[in-house]
Amino acid sequence: MIRALLLGSAAALATTAALAADLPRREAPPIAFAPVPVFTWTGFYAGLHTGYAFTDNQNIRTSGNDVFTAGNVTAGRRPASLKSEVDGFSKIGGGFGYNVQFTPGSGFVAGVAFDVTWLDLDKRTGFYGTPNPVVGNASVYTQNIDFLGTVNGKLGYAFDRFLVYGTGGLAFGYVGYGADFYNPNATVLQYTGGARKIFETGYNYGGGIEYAIPADSFLSTFAFGKWLGIKSDVTIKAEYIRYDLGNRNIFVGPVSTVPGSYTSRFSTEGSLIRAGFNYKFSGL
């Protein structure tokens with residue numbers, strides 16, 4: 001009896017196994033691969049910068065009743081032309097803009113940018129004479145730029161996280177002018193143009209390079225957007241700007257009963273090298 005039961009159970013198991021072998025096998029689910037994110041420069045950005053500024057072609061030309069000329073230096077007492085060159089490190093600056101990359105990864109990038117840099121370019125130059133009409137009387141000129149702003153278009157090419165671009169557009173700034181002409185002993189002010197500050201506009205052009213720091217770099221921890229739950233990238237940049245704010249005529253009139261008057265023509269142009277960082281939003 002027991003033997004018959006065991007034989008029956010063995011036969012049932014063998015039948016079940018055979019039936020199971022005939023059933024279709026369930027395939028294992030395919031392994032899902034996440035796509036590798038491709039970096040793009042498209043998006044809004046804002047940041048800070050500092051830099052170095054210098055003027056290498058500024059000059060002041062004076063015309064009037066008695067200025068020095070190349071052909072007859074004994075005829076006047078004021079210099080016809082003086083250089084007004086100055087250089088120095090700029091103070092802090094900032095800006096923002098928007099870029100569009102046409103093809104992710106590598107490709108052309110176009111954008112717009114607004115930047116303002118507070119400068120420390122303050123020049124006081126002069127021609128100091130002696131009581132001798134051949135040498136001339138003392139003449140003192142002042143010129144300074146409080147800040148330089150740019151509103152530019154940008155066009156460049158991105159090599160993944162490395163961007164090379166050219167830039168150009170409107171330049172503007174707050175420029176101060178002054179001209180004071182003294183007697184031969186430099187003790188009596190005879191003519192003055194006063195001290196005035198004027199909002200000037202002009203143009204600028206230049207170029208730069210920018211690099212987006214990878215997300216796994218420790219420097220990316222400074223992206224404050226991450227603290228706020230906003231996707232952002234940190235980029236570092238270096239840029240050269242050549243600016244020209246044009247010329248300005250300053251009337252230098254008599255203080256007392258001395259005859260005549262002068263006009264001093266100031267040119268305001270120079271170069272600015274700025275370096276800084278940006279936070280780029282709306283990244284991937």
Side-chain angles (χ1 to χ4, degrees), residues 41 44-61 81-100 109-125 141-157 163-179 193 195-210 235-250 263-278 280:
W41 287 91
F44 174 82
Y45 64 88
L48 299 174
H49 63 260
T50 187
Y52 182 80
F54 58 93
T55 61
D56 55 1
N57 198 33
Q58 287 190 158
N59 63 72
I60 305 168
R61 300 182 183 276
S81 179
L82 277 179
K83 287 289 187 182
S84 178
E85 298 175 353
V86 63
D87 64 277
F89 287 97
S90 66
K91 299 177 182 178
I92 194 169
F96 59 88
Y98 189 86
N99 289 325
V100 175
V109 177
V112 292
F114 172 85
D115 290 278
V116 175
T117 307
W118 279 264
L119 302 175
D120 194 16
L121 297 182
D122 192 351
K123 180 67 173 181
R124 181 180 176 89
T125 187
Y141 305 87
T142 58
Q143 186 176 11
N144 61 75
I145 307 177
D146 287 349
F147 69 86
L148 179 72
T150 57
V151 181
N152 285 358
K154 295 169 60 178
L155 180 63
Y157 194 87
L163 174 64
V164 181
Y165 61 89
T167 183
L170 172 71
F172 59 90
Y174 208 38
V175 185
Y177 307 98
R196 64 190 71 184
K197 290 194 174 183
I198 302 175
F199 183 82
E200 303 283 19
T201 59
Y203 65 90
N204 80 96
Y205 59 88
I209 56 176
E210 192 167 0
T235 71
I236 54 176
K237 69 173 185 178
E239 191 174 64
Y240 169 80
I241 294 295
R242 179 71 184 182
Y243 66 88
D244 190 335
L245 299 182
N247 300 305
R248 174 67 60 176
N249 289 333
I250 301 298
T263 298
S264 291
R265 185 175 181 84
F266 292 76
S267 66
T268 303
E269 59 182 299
S271 298
L272 174 62
I273 301 172
R274 52 193 180 195
F277 64 91
N278 288 322
K280 189 183 78 65

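Note that these values count all heavy atoms, side chains included, but never hydrogens, waters or copies made by symmetry.
A distance-only check finds a donor-acceptor pair linking the side chain of Gln143 to the backbone of Ser267 [under 3.5 Å]. Of the possible polar contacts, one joining the Asn204 side chain to the Leu170 backbone as a donor-acceptor pair under 3.5 Å is found. Judged by distance alone, the side chain of Thr167 and the main-chain N or O of Gly153 form a donor-acceptor pair under 3.5 Å. At least one donor-acceptor pair under 3.5 Å links the side chain of Asn152 to the backbone N or O of Gly169.
Using a 30° and 60° split on the angle between ring planes, Phe54 and Tyr52 fall in the tilted class, from 30° to 60°. Ring-plane geometry between Phe147 and Phe172 is classed as perpendicular, the angle between the planes exceeding 60 degrees on a 0 to 90 degree scale with a lower cut at 30.
Between Trp118 atom CH2 and Asp146 atom CG the span is 11.0 Å, to the nearest 0.5 Å. Rounding to the nearest 0.5 Å places OG1 of Thr235 at 9.5 Å from CZ of Phe277. Going from atom CD1 of Ile209 over to atom NZ of Lys237 covers 12.0 Å, rounded to the nearest 0.5 Å. Note that the CZ atom of Arg196 and the CZ atom of Arg248 stand 9.0 Å from one another [nearest 0.5 Å]. Taken to the nearest 0.5 Å, the CD1 atom of Ile198 stands 12.0 Å off from the CG atom of Leu245. To the nearest 0.5 Å, atom OG1 of residue Thr268 and atom CG of residue Asn144 are 9.5 Å apart.
Looking at every heavy atom in both residues, Ser271 comes nearest to Arg242 through OG-NH1, 3.0 Å. Taking all atoms of both residues into account, the shortest heavy-atom contact from His49 to Gly94 is CE1-N, 3.4 Å.
Taking the six-membered ring where the residue is Trp, the centroids of Tyr98 and Phe44 are separated by 6.0 Å or more.
Checking Thr117, Thr50, Leu48 one by one against Ile92, the side-chain contact (heavy atoms from CB on, under 4.5 Å) holds for a single residue, Leu48. Only one option out of Val100, Val164, Asn99 pairs with Val109 in a side-chain contact (heavy atoms from CB on, under 4.5 Å); it is Asn99.
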Next on the checklist: Between Glu200 and Phe266, does the side-chain contact (heavy atoms from CB on, under 4.5 Å) criterion hold? Intermediate values first, please.
Outcome noted: CA-CA 12 Å; Glu200 303 283 19; Phe266 292 76; over 6 Å; no
Next on the checklist: Please determine whether side-chain contact (heavy atoms from CB on, under 4.5 Å) holds for the pair Leu119 and Leu272, giving the CA-CA distance in whole Å, both sets of side-chain angles, and the decisive distance to 0.1 Å.
Outcome noted: CA-CA 10 Å; Leu119 302 175; Leu272 174 62; 4.1 Å; yes
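Within the 4.5 Å cutoff, the side chain of Arg274 has no heavy atoms near those of the Leu148 side chain. In this structure the side chain of Ile241 never reaches within 4.5 angstrom of the side chain of Asp115, judged on heavy atoms. Looking only at side-chain heavy atoms (C-beta outward), Ile145 and Tyr243 come within less than 4.5 Å of each other.
Side-chain contact, Glu210 with Tyr45: no donor N or O sits under 3.5 Å from an acceptor N or O.
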